[in-house]
Amino acid sequence: MEEYVWWRDGVIYQIYPRSFLDTNGDGFGDLPGITSRLDYLADLGVAALWLSPIYPSPDADFGYDVADHTAIDPRYGTLADFEILVEEAHRRGLRIILDAVLNHTSDQHPWFLESRSSKDNPKRDWYSWRAAPNNWISAFGGRAWEYDPVTSEYYYHLFTREQPDLNFNNPEVRQAQLDVLRFWLERGVDGFRLDVFNTYFENPDLPDNPSSLLGRLGLPLQQHIQDADQPGLLPFLREMRALVDRYPGRYLVGETFGGPEAAARYVGDDLLHAAFSFDFTDSRWSWPFNPRYFMERGIRRETLFGAAQWPTNVLSNHDLPRAASRYARDDEDDGPARLAMALLLTLRGTPFMYQGEEIAMRDVALRRGEILDPPGRRYWPFYKGRDGCRAPFQWSAAPNAGFSAGMPWLKVHPDYRSRNLAGQKANPASFFYFTHRLIALRWIHPALQHGEFVPLAATREVLAYQRKAENETMTILLNFAKKPVDFDTSTALGHGFASQDGGSERGLPGAGARVLFSTGRPEGVVPGRIRLEPYEVCVLG
Ligand code: TEU
Ligand code: CA
């Protein structure tokens, strides 16, 4: 029996703190708000909470511009509030993962204020300064260099101009950032989500990037061979891992904006425990929401990661349109969102659930004047930014969805009167209970946690795969169609995924397979041929 590993077998729940729960009426979610909902999160069945940045920040990029890496922004509370949160979370068996934003700082960070003050300041070299810019571009549009009149030079920023990039080629910078991690490890933090870790290092000579012929808007305009994935990165990740390994049970998950290849490359026993690959999120419209899309990406990812490396499953986060909004054909219809949730919780990999995903919250629509996110302001109407998925959590039908007694920092989705947690908790057929039951099923079936992934079939309507552990095999059947579809579980092969060893040895569910979970039928024995209900999620074991 393989032992339970929290970051591999459990669900990690992302909290966007400013939109979770406000307890003091300033319109801004806070740490006491999170602490007061730990019982809810423990009951939901998640294993860990990843908190988006909670450090002091002028909010040029909503907390991802950090002005002090080892303090709490007063809007969220105090260090004492944080210590209470960690203690109360641990008491309930919940781990705490912090968002480590190390690539850049705020332009108000004391390090940058020093660096910009003069050309011979000891921290000058902590950032990248040049008399003239090279051709690098910012992820949020335009050139990545900003002229600073104080010393008549330009500094490099991958994101907004208020987020100057640190120069990781300088050993003092690397040491300072390791000290940041140590500060939080000493306070009991269980792990870190490393914001854009593959851009820590730049080529120290700062040569131009070649342009990309396929590129459209933003970063894809160039091949990022000089400003990302530099040779210094692997040794530094090893140092980070060695530090974290001095504290038992801790975890590093990295964010890259590359594909699964980039992610797999940085995961290993002496590197990161995991890295995000957003291979299930690049569908901005519902057209790729079909069985073949998920099967092809699922198989490709298996090949890249292999048995030794552990992938992550991400369908939504604070940077993307929510899966429930991406895939919904209309607002009332939660069928596609159920399929997305089933994929998140049953594909091989650690599920990262984004706050509100458990009740199928939708993105809020904003008028132009309401948009806050910098890339949204720049590119509207071609790209409306990331505010939509950041709207406050919908707790109840009370004013402001029960999020705040004050004026919420961002508009609450107007559907909160009909879609909210309290309402769903009162209804056994709700999306909340669907999520709750599926997480519970994961807890009791090791195959769903760390079993291998066995593709079975991807027809026009149905996606079928298995998760296989030592002593159990689970079969997942998903009907992507809004109509009933006949599916023969005993002849699931023959759709392009036939194995070398033939179907019989792969333990296909034939006569005698039992329904353990379904949105379309009672639990019990299934015949070989079944009629899947519209959008049915069916787990056999
Ligand atoms: O994201 C990095 C990143 O690649 C995205 O910002 C991406 O460029 C964007 O979603 C495209 O719309 C991380 C954080 O998740 C993000 O919130 C921050 O803005 C960014 O880093 C800078 O810290
Ligand atoms: Ca508050």
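Indexing begins at 1, ligand by ligand and atom by atom, following the structure's order.
For atom 1 (O) of ligand 1, the nearest non-hydrogen atom of the protein is E255 OE2, 3.0 Å. The shortest contact between atom 12 (O) of ligand 1 and any protein heavy atom is with Y383 OH, 2.8 Å. Protein heavy atom closest to atom 9 (C) of ligand 1, with residue, atom name and distance, is R386 NH1, 4.0 Å. Nearest non-hydrogen protein atom to atom 13 (C) of ligand 1 is D195 OD1, 2.8 Å. D319 OD2, 2.5 Å is the protein heavy atom nearest to atom 15 (O) of ligand 1. In this structure, the protein non-hydrogen atom closest to atom 4 (O) of ligand 1 is F257 CD2, 3.1 Å. Atom 20 (C) of ligand 1 has its closest protein heavy atom at F159 CE2, 3.7 Å.
Note that R143 lies outside the cation-pi zone of W136, set by a 6.0 Å cut-off to the ring centre and a 45° limit from the axis. A cation-pi arrangement is found for R18 relative to W409, the charged atom lying closer than 6.0 Å to the ring centre and inside a 45° cone about the ring normal.
The shortest heavy-atom contact between P164 and S106 is CD-C, 3.9 Å. Y266 and L271 make their closest contact through O-CB, 3.2 Å (heavy atoms, listed as atom of the first residue, atom of the second, distance).
For Y127, the ring-ring contact (aromatic ring centres under 6.0 Å, His included) partners at least two apart in sequence or on another chain are F112. Here R187 pairs with nothing under the side-chain hydrogen bond (donor to acceptor under 3.5 Å, both in side chains) rule; sequence neighbours left out.
Under the 4.0 Å distance rule, the nearest protein heavy atom to atom 18 (C) of ligand 1 falls inside the cut-off.
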| field | CA sep, side-chain torsions, deciding dist, call: E370, K411, salt bridge (Lys or Arg N to Asp or Glu O under 4.0 Å) | value | CA-CA 8 Å; E370 294 171 322; K411 186 157 121 186; 3.2 Å; yes
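Atom CZ of R241 has more than 12 heavy atoms from other residues, nucleotides or ligands within 6.0 Å. Heavy-atom contacts from other residues, nucleotides or ligands closer than 6.0 Å to CZ of R8 number more than 12.
Residue H104 has at least one heavy-atom neighbour below 4.0 Å for each of these atoms of ligand 1: 22 (C), 23 (O). Heavy-atom proximity to F140, at under 4.0 Å, picks out these atoms of ligand 1: 6 (O), 19 (O). Close contacts between ligand 1 and D61 involve ligand atoms 18 (C), 19 (O), 20 (C), 22 (C), 23 (O) [criterion: under 4.0 Å to a heavy atom]. For ligand 1, the atoms lying closer than 4.0 Å to a non-hydrogen atom of R390 are 17 (O). Short contacts between ligand 1 and R193, defined as distances under 4.0 Å to a heavy atom of the residue, involve ligand atoms 14 (C), 15 (O). With ligand atoms numbered from 1 in the order given, ligand 1 contributes 14 (C), 15 (O), 16 (C), 17 (O) to contacts under 4.0 Å with heavy atoms of H318.
Contact annotation: F62 has no heavy atom less than 4.0 Å from any atom of ligand 1.
The heavy atom nearest to atom 8 (O) of ligand 1, considering only S138, A139, P53, is found in A139.
Aromatic pair W50/Y354: ring centres not closer than 6.0 Å.
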